[in-house]
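Report on the structure given below.
Just follow the structure's listing: the first ligand is 1, and inside any ligand the first atom is 1. The first residue of the sequence shown is numbered 1, and numbering continues consecutively from there.
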Amino acid sequence: MTALCRATVDTLALNHNLRRIRELSEGAKVLAVIKANAYGHGLVPVAKALCDADALAVARIEEAVALRAAGVGQRLVLLEGVFNQSQLELAAANACDLVVHSHEQLELLESFGRNSRFTVWLKVDTGMNRLGFRPEEFSRVLARLRNLHAVREQLVLMTHLANADMLSSDATSQQLALFEETTRGVEAERSIANSAGLLAWPESRAQWVRPGLALFGVSPIVGKTGEELGLKPVMRLGTELIAIRKVAAGESVGYGSAWTATRDCRIGVAAIGYGDGYPRHLGNGTPVLLGDSRIPLVGRVSMDMITVDLTDHPEARVGDSLTLWGDGLPVEELAQLAGTIPYEMLCGVTQRVAVQYLK
Ligand SMILES: *Cc1c(COP(=O)(O)O)cnc(C)c1O
């Protein structure tokens, strides 16, 4: 591969994480969430690597169509369901399970003229207040669904947690109690837990867990890295030094002269910038890995380049590799420094970055 700026995706780590999630979830089935280009790791290759997952989930029909076109035959769930007849027809043609969360979606199914049948994941809103039927509507909606020819008998009941990453909040216990009360007595599988749920709230595991972030080896819980949870980071974002120059004490580096040398320095220029998804919010002192050593970012992140201080590493040469995040430098740590979450960092890796899969 000739590109300097690369995301290396380790599919062995991905499968390690799937096994670790199974271990933590004590026998729950795993709906592997690979929406948004598999959190920046590449939709189709990740789906193919996750052939041991019990099912795959994406947010939108376009993602499901892309998976089927690439020959992915696994059970596939549309987490937002469909929003018009043509999407419903595509869902049928591509054998998708549907989340049903609104009256509009119920009506679409009621007016569906074809012979296909769908497995429905009926979503209840227990406090997220984004998608889902309100608890007081649940029984009526369930009865309507059970009357529909287009809906298979075996439903899955689901809800989504709004605060599972906040270990001290009682919001999750309230959501769990409301879901239990609302669905009590209904014979169906249940699914509640995202990554934070399955890691931090054992009561939320139910029959199906729905991990996204944890599959990629990353922790959704602030202050805890994936490694501490027994997960392995799947992505390494790396690049190379493309120039090295001397900068004298008192001289500044980059746009806005945002960093000034306090001693005579050796500054390295590396081929990565916000045009690749390395956040511009990262400031002076952000760690970058040169081999196993942490060296500081200095000056502003520009579109195609960053600058780092190599003064303490006289051995560094043009062509040496740098790691922006990955094993040894958790994306969780970088996200905190950038004032964001690891989800956004991973999804933000742009098309320009070459992706290489390790098998
Ligand atoms: C994205 C998503 C998930 C996965 O969330 P993670 O925090 O990445 O584990 C689970 N369920 C639903 C409904 C989602 O939209």
Side-chain angles (χ1 to χ4, degrees), residues 14 17-18 20-22 24-25 28-41 43 46-47 50 53-64 75-83 96-102 105 120-133 156-167 169 171-172 175-176 179 189-202 204-222 224-226 229 231 233-235 331-332 335 340-348:
L14 190 63
N17 297 333
L18 177 58
R20 176 74 184 137
I21 286 165
R22 282 198 191 286
L24 289 166
S25 312
K29 287 186 270 190
V30 177
L31 176 60
V33 179
I34 57 168
K35 60 197 179 188
N37 196 32
Y39 292 50
H41 295 69
L43 181 66
V46 165
L50 286 175
D54 298 286
L56 304 173
V58 291
R60 302 186 184 157
I61 185 72
E62 306 90 282
E63 298 172 307
R75 186 169 172 190
L76 193 49
V77 180
L78 283 181
L79 289 174
E80 293 175 9
V82 290
F83 299 96
C96 298
D97 286 17
L98 297 178
V99 168
V100 173
H101 57 73
S102 70
Q105 292 183 328
V120 164
W121 297 57
L122 172 55
K123 186 164 189 174
V124 186
D125 177 12
T126 54
M128 178 82 165
N129 286 314
R130 194 178 58 179
L131 299 180
F133 293 97
V156 184
L157 308 179
M158 70 181 284
T159 194
H160 195 46
L161 299 173
N163 296 287
D165 58 332
M166 296 164 71
L167 307 189
S169 156
T172 298
Q175 284 198 263
L176 291 172
F179 187 63
E189 292 181 321
R190 285 162 175 70
S191 177
I192 307 167
N194 55 4
S195 297
L198 77 91
L199 293 167
W201 302 89
S204 74
R205 288 170 191 156
Q207 285 76 44
W208 283 93
V209 293
R210 305 192 305 268
L213 194 68
L215 280 170
F216 302 103
V218 178
S219 163
I221 297 160
V222 174
K224 234 188 191 139
T225 62
L229 298 163
L231 303 168
V234 173
M235 185 191 290
V331 68
E332 294 91 316
T340 183
I341 52 175
Y343 298 83
E344 193 185 21
M345 305 274 289
L346 295 172
C347 289

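Each of the following atoms of ligand 1 lies closer than 4.0 Å to a heavy atom of L213: 6 (P), 8 (O), 9 (O). The Y39 neighbourhood of ligand 1 comprises atoms 1 (C), 4 (C), 5 (O), 6 (P), 8 (O), with distances under 4.0 Å to a heavy atom of that residue. Those atoms of ligand 1 that come under 4.0 Å of a heavy atom in R210, given as number and element, are 3 (C), 4 (C), 9 (O), 10 (C), 11 (N), 12 (C), 13 (C).
Residue, atom and distance of the protein heavy atom nearest to atom 9 (O) of ligand 1 are S195 OG, 2.5 Å. Residue, atom and distance of the protein heavy atom nearest to atom 12 (C) of ligand 1 are H160 CE1, 3.4 Å. The protein heavy atom nearest to atom 14 (C) of ligand 1 is K35 NZ, 2.9 Å. Residue, atom and distance of the protein heavy atom nearest to atom 7 (O) of ligand 1 are Y343 OH, 2.6 Å.
Between L167 and I221, some side-chain heavy-atom pair lies under the 4.5 Å cut-off.
Considering every non-hydrogen atom in both C347 and A36, the closest pair reads SG-CB, 4.0 Å. Here the closest heavy-atom approach between residue A200 and residue A164 is recorded as CB-O, 4.2 Å.
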Worksheet item: Yes or no on side-chain hydrogen bond (donor to acceptor under 3.5 Å, both in side chains) for R210 and H160, after CA distance, side-chain angles and deciding distance?
Response: CA-CA 10 Å; R210 305 192 305 268; H160 195 46; 3.0 Å; yes
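Under the 30°/60° scheme for interplanar angles, the aromatic rings of F216 and H41 are found to lie parallel.
Contacts between P211 and ligand 1, counted as non-hydrogen atom pairs separated by less than 4.0 Å, involve the backbone only.
The shortest N or O to N or O distance between L79 and ligand 1 is not under 3.5 Å. Taking any N or O of R130, backbone or side chain, none lies under 3.5 Å from an N or O belonging to ligand 1.
When atom types are taken as modelled, the side chain of E80 and the backbone of V99 share no donor-acceptor pair closer than 3.5 angstrom.
Atom-to-atom distance recorded for L56:CG and C96:SG is 10.5 Å, nearest 0.5 angstrom.
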